[in-house]
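Worksheet for the structure shown next.
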2 protein chains.
Amino acid sequence: MHPKHKVMNVVINKKYQDIFGTAKDLFWKYGIKRVSIEEICKEANVSKMTFYKFFPNKIELAKTIIDDLVDSSLERLNEIIHSDKSFSEKLKALFLMKLEGMNNISMEFIKDIHINQGTGLKEHMDKLQAKAISLIVEFYKDSQKKGYIRKEVKIDFILAYSAQIIKLMEDEHLLSQYEQPQDLVIESMNLLFYGIVTGNE
Amino acid sequence: MHPKHKVMNVVINKKYQDIFGTAKDLFWKYGIKRVSIEEICKEANVSKMTFYKFFPNKIELAKTIIDDLVDSSLERLNEIIHSDKSFSEKLKALFLMKLEGMNNISMEFIKDIHINQGTGLKEHMDKLQAKAISLIVEFYKDSQKKGYIRKEVKIDFILAYSAQIIKLMEDEHLLSQYEQPQDLVIESMNLLFYGIVTGNE
DNA sequence: TATTAACAAACGATAATCGTATATATTTTA
DNA sequence: TAAAATATATACGATTATCGTTTGTTAATA
């Protein structure tokens with residue numbers, strides 16, 4: 001038996017997946033601190049012993065779940081950046097991804113990540129977040145070099161700018177002015193495009 | 001000072017409202033058992049002493065909140081029944097009210113009400129629920145007497161029948177068959193109308 | 001001044017949760 | 001089948017959270 005089989009078993013293991021899945025669901029709804037290990041086990045039909053076979057404690061389980069969430073986000077990010085789409089199409093895709101990424105990690109989850117200080121949870125999250133940002137920065141720099149973005153524009157400005165626009169989406173009053181939420185998305189996107197792109201691609 | 005002033009003060013009191021409001025929000029999201037008294041106080045910017053001035057414990061606070069939720073439901077129910085709308089319009093309004101009533105008390109809240117056995121929470125809820133049902137039953141009986149509902153139809157059947165139809169709305173697969181969720185609502189409503197009404201009103 | 005209301009801090013009592021240990025059942029493997 | 005590995009239920013002591021109360025203080029009000 002290769003040791004690799006052992007590793008495979010841990011990841012693919014049914015019980016592991018049960019714990020992982022139900023914990024993800026519960027953390028999603030209630031945050032980390034409101035969910036107990038015993039509750040996770042009961043909900044996943046798994047004994048507490050089995051839990052401690054896979055995870056040393058609740059925080060490490062949370063880290064693993066966050067890893068998974070962020071990993072799949074990074075994967076999609078890479079897919080978009082290295083696709084054969086045009087620049088503005090990529091920009092649009094990145095924009096939409098960030099938009100729906102708001103739902104990708106629930107508010108309760110986020111809150112608890114910041115509350116649980118001293119556990120290294122926030123630092124862990126920040127490290128992963130940094131990867132995503134550097135990926136996007138590289139993409140913008142490359143796009144600027146290729147002439148898709150005006151030379152004078154600072155990359156940091158684009159980041160801050162698009163972050164602000166994303167925040168617009170949370171404005172209930174503004175949202176109510178549009179027949180469909182997508183109309184606001186389109187309007188914001190147009191603003192982003194005609195604001196920073198040169199037109200030649 | 002009349003004793004009435006005292007009573008008024010308790011209900012209108014700012015602190016009371018703060019506790020009541022934040023507790024309602026928290027119970028809504030997380031259910032009763034996941035929320036602590038101390039958390040409510042902290043969130044409402046109120047000392048624990050003030051809490052116990054108004055409520056003996058968490059369960060009684062929950063009961064008060066449930067009372068408020070159900071009271072406003074009963075009020076709307078009465079408004080609909082005693083309005084000058086036509087029978088089918090009333091039926092439609094009752095149907096829609098029950099439908100959105102699903103959101104009126106959150107799942108987490110409901111769950112905890114049933115879990116907290118021995119606290120009288122469920123019994124309290126059931127008693128209030130019974131009022132609503134008797135109101136609706138009276139409305140149906142009256143409507144049958146007036147000839148809006150066929151004589152052979154049993155009232156209990158109508159109740160069970162409409163409950164079943166409401167449950168249809170929870171069927172994700174069925175819901176996906178319609179372009180808009182409202183289309184399923186309309187279809188269900190038509191079925192209800194042409195199934196039990198006589199046509200003359 | 002006396003009274004009232006609200007507060008923070010601390011308290012003991014109780015209950016929940018954690019992480020571990022043990023003994024039993026089930027499944028895998030030799 | 002027998003031995004070994006794995007999963008489970010249960011129970012345990014230790015820790016932590018929560019409850020409801022008590023105490024002493026502050027600020028506003030009558």
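Naming: A, B, ... by sequence-line order, numbering from 1 per chain. Basis for what follows: all heavy atoms, side chains included, without hydrogens, waters or symmetry-related copies.
- Applying the 4.0 Å criterion to OP1 and OP2 of dT17(C), one finds that Lys58(A) has every side-chain N and O outside that range.
- Within the 4.0 Å cut-off from OP1 or OP2 of dA6(C), at least one side-chain nitrogen or oxygen of Asn13(B) is found.
- Partner of Lys24(A) under the side-chain contact (heavy atoms from CB on, under 4.5 Å) criterion, out of Ile19(A), Thr64(A), Leu69(A): Leu69(A) alone.
- For Tyr16(B) and dA5(C), the OH to P distance is 17 Å, given to the nearest whole Å.
- Atom NZ of Lys42(B) and atom P of dA9(C) are 12 Å apart (whole Å).
- Of the possible donor and acceptor atoms, none in the side chain of Lys15(B) sits under 3.5 Å from a partner among the backbone N and O of Phe54(B).
- Lys48(B) places its NZ atom 13 Å from the P atom of dT22(D), with the value rounded to the nearest Å.
- A 4.5 Å side-chain heavy-atom check between Lys85(B) and Ile80(B) finds every atom pair outside the cut-off.
- Out of dC18(C), dA8(C), dC19(D), the shortest distance to the side chain of Ile37(A) is found at dC18(C).
- At the phosphate of dA5(C), neither OP1 nor OP2 sits under 4.0 Å from any side-chain N or O atom of Thr50(B).
- In this structure, CZ of Phe51(A) is placed 16 Å from P of dA9(D), rounded to the nearest angstrom.
- Of the candidate nucleotides dT17(C), dT18(D), dT23(D), dT18(D) has the atom lying nearest to any side-chain atom of Ser36(B).
- Going from atom CD1 of Ile65(A) over to atom CD1 of Ile32(A) covers 8.0 Å, rounded to the nearest 0.5 Å.
- Both Pro56(A) and Lys53(B) lie close to DNA chain C; mapped to their nearest nucleotides by heavy-atom distance, the more 5′-ward contact belongs to Lys53(B).
- Atom pair Glu38(A):CD and dC12(D):C1' shows a separation of 12 Å (rounding to whole Å applied).
- Taking all atoms of both residues into account, the shortest heavy-atom contact from Lys48(B) to Glu38(B) is NZ-OE2, 2.7 Å.
- Taking atom CE of residue Met49(B) and atom P of nucleotide dT4(C), one finds them 15 Å apart after rounding to whole Å.
- Following rounding to the nearest Å, Lys33(B) (NZ) and dT17(C) (C1') show an atom-to-atom distance of 14 Å.
- Side-chain proximity of Tyr52(A) to the nucleotides dT8(D), dG19(C), dT21(D) is greatest for dG19(C).
- Summarising the geometry, the separation between CD1 on Ile59(B) and P on dC19(D) is reported as 10 Å, rounded to the nearest angstrom.
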